[in-house]
Amino acid sequence: MAKYLHDKLDEKWRKIYEKSGIYTGKVDTSKKKAFLTVPVMYPDGYLHLGHLYTWTRADIYARFMRMRGYNVLWPQGFHFTGGPLVGFSLRIKNKEEQVLKIMKLYKVSKEDIERFAEDPLYLGNYFAKSIRGDFDAAGMSIDWSKNFSLSYTSKYSKFVEWQFRKLRDLGLITQGKHPVIWCPREDTALGDHDRLEGEGESPVEYTVIKFRLGDIILPAATLRPETIEGATNIWVNSKIQYKKITLKGGETWVVSEKFIDKAKYQKRIEKVEDFNIKSIILKTVENPISHDALPILDADFVDENLNTAVVMSVPMHAPFDLVYWNKLKKSRSKFYSEPKKIIDVNGKDSIDIEKAVSQKLATENLERLTRKVYQSEYNSGVFNGNSGLLSGLSVKEGRQKMISELKERGVYDVFYETSGKVVCRCGAIGVVNVVEDQWFIRYSDSDLKRKSLEAVERMNIYPEEIRAQLTNAIMNMEDKAATRRGGLGTSLPWDKNWLIEPLSDSTIYMAYYTVADLIEKLDEKYVDDDLFNYVFLNEKPKRQYPDIVKEMKRSFEYWYPVDMRVTAKELLPNHIAFFIMNHVAIFGKDFWPRGLSINGWLVIDKAKMSKSKGNVKGITQTVETFGADATRLIASASNGMDDAEWNTDNIKGFVDRAEFLLDLVEAYNDLPGGEKLVDRYLKSRLVDLLKQAEYDYEHFRYRSAVFNAFFQSTDLLRFYLDFGGDSKENMKSALEIISKMIHPIFPFISEEINEKIGNKDLLESYNSWPELKHMDQDDTLQAEFDVLNKTIDDIKNLIKMLKLQPKEIKIGVADRSKFDVYNKVVERLKQDRDLGKIYKDKELGRDELVKKLIKNPNKLPDTFRDYEIELKVMKEAEEYLSKLLKARVQVSESSDEKAIPGKPKIEVK
RNA sequence: GCAGGGGUGGCGAAGUGGUCAAACGCGUAAGGCUUAGGACCUUAUGACUUAGGUCUUCGUGGGUUCGAAUCCCACCCCCUGCACCA
């Protein structure tokens with residue numbers, strides 16, 4: 001028995017490949033090229049198996065392409081830009097327990113941890129190195145000579161600056177206001193990952209309607225300005241503290257005290273004075289649209305934490321308002337008027353708000369009702385005759401019209417509030433800050449969108465469903481804030497107060513890969529916009545460059561565009577969209593990306609890996625335990641972009657079959673040889689499997705690829721041997737084909753097999769992918785072997801039912817005349833599926849066999865059968881069957897009516 | 001709200017017009033091996049059936065077809081993403 005000693009085997013082939021230089025992409029214009037990339041990753045921790053999933057998928061592509069004769073370039077960089085590295089360093093500095101625990105788990109030295117706290121770049125380089133080691137251990141065929149980290153070097157920064165100047169020249173950069181959730185204590189934008197509470201919350205725009213009361217203004221904040229014509233009153237809450245504030249420009253507002261802190265980020269407040277809210281209760285303000293007098297009333301449901309704490313009351317369209325309005329009916333009768341319903345909803349979404357409210361709902365039910373009312377009215381509401389201005393319009397249209405109406409009358413303002421409570425890691429409550437001078441990339445540009453969609457249309461995308469999502473992402477693209485205040489990165493060239501944020505400095509860096517090793521050798525003084533214009537855009541050089549620059553240009557023009565980008569699905573609506581759009585903006589059509597492959601998340605051993613549980617599967621650890629090839633099985637977790645569950649038990653099946661193959665490699669030479677039907681079957685099935693595997697690799701269907709190329713093929717060999725196949729030649733060529741079929745996924749063991757059967761050249765050093773030999777394919781023969789297997793099932797079934805252990809089994813293959821009739825039926829059905837016509841047929845319709853065959857329209861005979869072959873296959877199988885069924889098996893021809901082509905008669909005794 | 005994806009056996013999942021009771025894996029049961037357990041191997045695992053048969057299922061309801069998990073229509077339910085953040 002051959003043992004699968006993976007550590008030795010891995011090491012041997014890893015070294016051989018390293019020495020061969022096959023992984024290093026060298027310009028060779030005589031060969032077709034394939035440029036593969038996987039997004040740069042943040043080196044802020046160790047790699048685990050989940051990460052490796054994407055890279056293994058990419059590696060399989062790289063190896064498959066090499067075997068098909070392509071010159072492959074696959075570099076890999078790292079990303080230092082933005083917050084993560086700095087953030088991580090900071091967390092170490094703050095001695096966060098969780099982070100220190102992780103460091104301890106990985107046995108990082110004390111000195112290193114201390115340096116991490118001070119130097120984010122050191123931290124980045126430290127983990128980049130460890131990640132690189134993990135990739136190598138897992139057998140990634142990455143060309144490290146073109147590795148770099150963005151935006152770590154000044155040369156790369158210059159490339160980013162060049163890109164941004166280019167974008168600005170193209171009119172794709174603008175500057176403007178931008179609401180963003182903000183930590184008031186740390187005075188910085190508060191991203192999802194910096195939040196203790198409120199992940200996913202975002203700024204919501206409220207309309208503020210200014211109701212005048214003498215020289216002061218009551219600013220009512222609302223999400224539904226279109227309902228103002230149905231307003232009956234204004235709510236304030238006498239239990240909360242109000243202040244009078246004077247804004248820049250002179251307006252005086254009455255707002256809750258709590259509002260003031262939030263408002264600082266959105267309004268210029270020049271003066272704050274005390275205000276007694278009770279002094280204005282029961283006074284009236286004028287509705288600026290309908291000119292009705294609206295009383296100011298007291299209600300305790302008004303929340304001091306929400307907006308201005310001045311609320312416009314629209315009872316017929318807001319349940320809370322109706323409840324309180326009804327309560328006041330008695331006590332404040334002098335103000336009471338019947339509330340007006342101004343929006344109708346027809347059909348099943350219609351809600352009778354008066355009836356609903358009459359049931360005295362609890363607060364949380366009222367909230368739910370409110371959401372329902374808002375939703376149904378927004379989706380299918382239409383303004384009725386009670387509305388003077390909006391009658392006949394939908395709510396969506398009415399809102400727009402009302403907003404412009406309010407603007408015209410000078411009573412409109414906006415205020416942003418968070419959509420839910422947000423708490424920063426530091427403990428402070430998040431607010432909305434309107435950043436005044438943010439720089440944007442104008443992804444909303446319709447011309448850019450149109451061209452980008454064209455690019456998407458031309459791309460090869462796997463799986464295909466992704467195309468719709470990507471198209472949609474691009475169509476809905478808005479302007480993207482491209483700069484930030486803190487972290488690492490490249491300064492915006494014309495406004496050094498800003499750093500270019502990470503998603504924006506990483507859109508076209510793949511072009512930089514093609515020159516990354518060469519530009520290192522170039523004197524910094526040459527690195528400027530003119531150089532990039534010359535190398536990447538083929539513009540006339542403005543000066544004399546050293547020769548290396550020509551080489552850079554040649555390298556770029558040879559390798560570009562990106563032929564395949566492999567990544568996980570979470571980058572699709574952002575990075576991948578930006579990647580495509582920036583290429584479209586900057587490069588010519590020939591350099592637009594050509595391919596994309598997307599995968600989901602990988603869940604390993606059911607539970608998500610949890611660092612605190614200590615069950616983290618490190619790469620090196622897994623490779624040491626199971627071997628690189630076995631570890632790479634994770635690529636087979638899914639065919640598409642589903643999140644895949646994968647458990648390490650799968651590896652057992654791999655080892656078992658790997659050893660089977662290694663055994664065969666030792667033993668096949670002793671096979672006595674001889675060509676039988678089963679040899680033809682072997683060849684035919686191998687062509688099938690090869691065809692399948694080829695399709696699977698091309699379409700990134702690696703679950704199927706492993707299934708067909710590895711599991712099915714080894715099953716086939718087992719069957720061949722069990723059946724009594726013993727041809728040395730055929731076994732050798734089968735082993736060769738299998739070693740090639742599995743090579744992209746299992747590069748090391750396949751090389752071992754390939755070498756042992758006498759092949760000298762590395763499988764990726766030449767166009768080694770086996771050619772399909774269609775002449776070996778024999779459908780009829782395969783169908784007859786299927787008949788054999790089906791017959792075995794039937795016999796087992798019979799034995800089970802009869803509850804006996806037979807001594808003798810007779811198999812009766814139908815006679816030639818029945819095969820003739822059978823094949824006639826198949827022929828007829830291929831032309832026409834109308835069974836009625838066959839029943840009416842003079843010749844066929846009366847035949848008992850025909851009636852039997854077409855009795856069940858769900859199970860019609862589909863494949864031609866061959867009398868000679870069926871008989872021969874069964875005959876040849878006699879010995880195999882006898883062994884398998886532990887009984888004497890005899891095969892003969894039978895004219896019994898139970899013997900049907902494809903379904904021989906069975907007698908057990 | 002907008003967009004995308006999905007509902008198949010105890011579970012995970014394959015299967016997109018025809019030999020489908022449904023691959024493969026897990027789980028479960030019986031047997032083998034073992035002092036025993038684990039691991040491993042064999043067999044079974046929708047229901048009924050003593051000669052290979054029949055019946056019932058693929059979220060719900062309807063339709064197209066000789067034939068539907070697969071195509072069409074309506075409905076119910078679930079998941080994911082929505083930006084300055086990697």
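All heavy atoms count here, side chains included; hydrogens, waters and symmetry mates do not. Every chain is numbered from 1 and lettered A, B, ... according to where its sequence line falls, protein lines coming before strand lines.
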| Given atom CG of A/Asp505 and atom P of B/C85, what is their separation to the nearest angstrom? | 14 Å
| task | Grab the CD1-C1' distance between A/Ile795 and B/U50 for me, whole Å please. | result | 18 Å
| request: May I ask you to check whether A/Asp479 and A/His178 show a side-chain donor-acceptor distance below 3.5 Å? | output: no
| message | Is there a side chain to side chain donor-acceptor pair (under 3.5 Å) between A/Asn582 and A/Tyr443? Walk through the geometry before answering. | response | CA-CA 9 Å; A/Asn582 276 275; A/Tyr443 290 121; 2.7 Å; yes
| Whole-Å distance separating the CD1 atom of A/Ile598 from the P atom of B/G81 | 15 Å
Atom pairs, N/O to N/O, protein against nucleotides 3-7 of chain B, distance under 3.5 Å?
unit_1	atom_1	unit_2	atom_2	d
B/A3	O2'	A/Asn472	OD1	2.7
B/G4	O2'	A/Gln469	NE2	2.5

| task | Pick the P atom in B/G59 and in B/G7, then give their distance to the nearest Å. | result | 7 Å
| If you look at every strand shown and take non-hydrogen atoms under 4.0 Å, does A/Lys790 touch a base, only sugar-phosphate, or nothing? | nothing
| Are any of the side-chain nitrogens in A/Arg399 or A/Glu226 under 4.0 Å away from the carboxylate oxygens of its partner? | yes
| message | Side chain of A/Lys903, heavy atoms from C-beta onward: which of B/G52, B/C84, B/G81 has the nearest atom to it? | response | B/G52
| Spacing between A/Ile576 atom CD1 and B/G81 atom P, to the nearest angstrom | 17 Å
| message | If I pick the C1' atom on B/U49 and the same atom on B/U56, what distance separates them, to the nearest angstrom? | response | 15 Å
| request: Name the residue closer to the 5' end of RNA chain B, choosing between A/Arg703 and A/Glu570 according to the nucleotide with the nearest heavy atom. | output: A/Arg703
| Spacing of the P atoms in B/C71 and B/C79 (rounded, Å) | 24 Å
| message | Nearest heavy atom decides the nucleotide; on that basis, is A/Pro502 or A/Ser704 closer to the 5' end of RNA chain B? | response | A/Ser704
| message | Run through RNA chain B and report every stem of 3 or more consecutive Watson-Crick or G-U pairs, distances under 3.5 Å, ordered by first number. | response | B:1-7 with B:76-82, B:10-12 with B:24-26, B:27-32 with B:40-45, B:46-48 with B:53-55, B:59-63 with B:71-75
| Minimum-distance nucleotide to A/Glu501 side chain [options: B/U19, B/A51, B/C84] | B/C84
Review item, nucleotides 42-47 of chain B N/O atoms under 3.5 Å of protein N/O:
none

| task | With C1' as the reference atom in both, quote the distance from B/C75 to B/C85 in angstrom, rounded to an integer. | result | 39 Å
| note | Here the distance between atom P of B/G81 and atom CG of A/Leu470, to the nearest Å, is 18 Å
| message | Just so I know, are the side chains of A/Val431 and A/Ile181 near enough to count as touching, which here means a heavy-atom distance under 4.5 Å? | response | no
| field | B/U8 versus B/U42 - spacing of their P atoms, nearest Å | value | 30 Å
| message | I'd like the P distance from B/G62 over to B/A13, given in whole Å. | response | 29 Å
| task | Without swapping roles, check the side chain of A/Asn433 against the backbone of A/Pro179 for a donor-acceptor pair under 3.5 Å. | result | no
| field | Closest approach of A/Thr54 to A/Thr567 (non-hydrogen atoms, all atoms of both residues) | value | CG2-CA, 3.7 Å
| field | Side chain of A/Lys480 - closest among B/C85, B/C84, B/G52 | value | B/C84
| A/Tyr695 six-ring centre to A/Arg701 NZ/CZ under 6.0 Å and within 45° of normal | no
| message | Please report the distance, rounded to the nearest Å, between CD1 in A/Ile811 and P in B/A51. | response | 19 Å
| message | If you only use heavy atoms from C-beta on, which nucleotide in B/U19, B/C85, B/A83 is closest to the side chain of A/Glu478? | response | B/A83
| query | Which pair of non-hydrogen atoms, one from A/Gly489 and one from A/Leu499, has the smallest distance, and what is that distance? | reply | O-CD2, 3.7 Å
| said: Side chain of A/Arg701 only, heavy atoms from C-beta on: which candidate in B/C84, B/G15, B/A83 is closest? | reply: B/G15
| task | Decide, yes or no, whether a salt bridge links A/Arg703 with A/Asp696 under the criterion of side-chain N to carboxylate O below 4.0 Å. | result | no
| task | Indicate, with yes or no, if the rings of A/Phe719 and A/Tyr880 have centres closer together than 6.0 Å. | result | yes
| query | What distance, rounded to whole Å, do you find between the two P atoms, one in B/A23 and one in B/G67? | reply | 27 Å
| task | Report yes if the distance between the aromatic ring centroids of A/Phe127 and A/Tyr46 is under 6.0 Å, otherwise no. | result | yes
| query | Quick one: A/Glu205 CD to B/C82 P, roughly how many Å, whole number? | reply | 21 Å
| said: Give me the distance, rounded to whole Å, that separates B/C72 from B/U19 when you measure between the C1' atoms they each carry. | reply: 27 Å
| task | Would you kindly give the CG-to-P distance between A/Asn599 and B/U80, to the nearest whole Å? | result | 18 Å
| Which nucleotide in B/A83, B/G81, B/C85 has an atom nearest any side-chain atom of A/Val180 | B/C85
| field | Near-ring test A/Tyr152/A/Phe78, centroid separation under 6.0 angstrom | value | no
| request: Would you kindly check if the NZ (Lys) or CZ (Arg) of A/Arg657 is within the cone defined by 45 degrees around the ring axis of A/Phe711 and under 6.0 Å from the six-membered ring centre? | output: no
| field | For A/Pro43 against A/Phe80, the heavy-atom pair lying closest together | value | CG-CE1, 3.5 Å
| Among the nucleotides B/C84, B/C85, B/G52, which one has an atom lying closest to any side-chain atom of A/Leu503? | B/C85
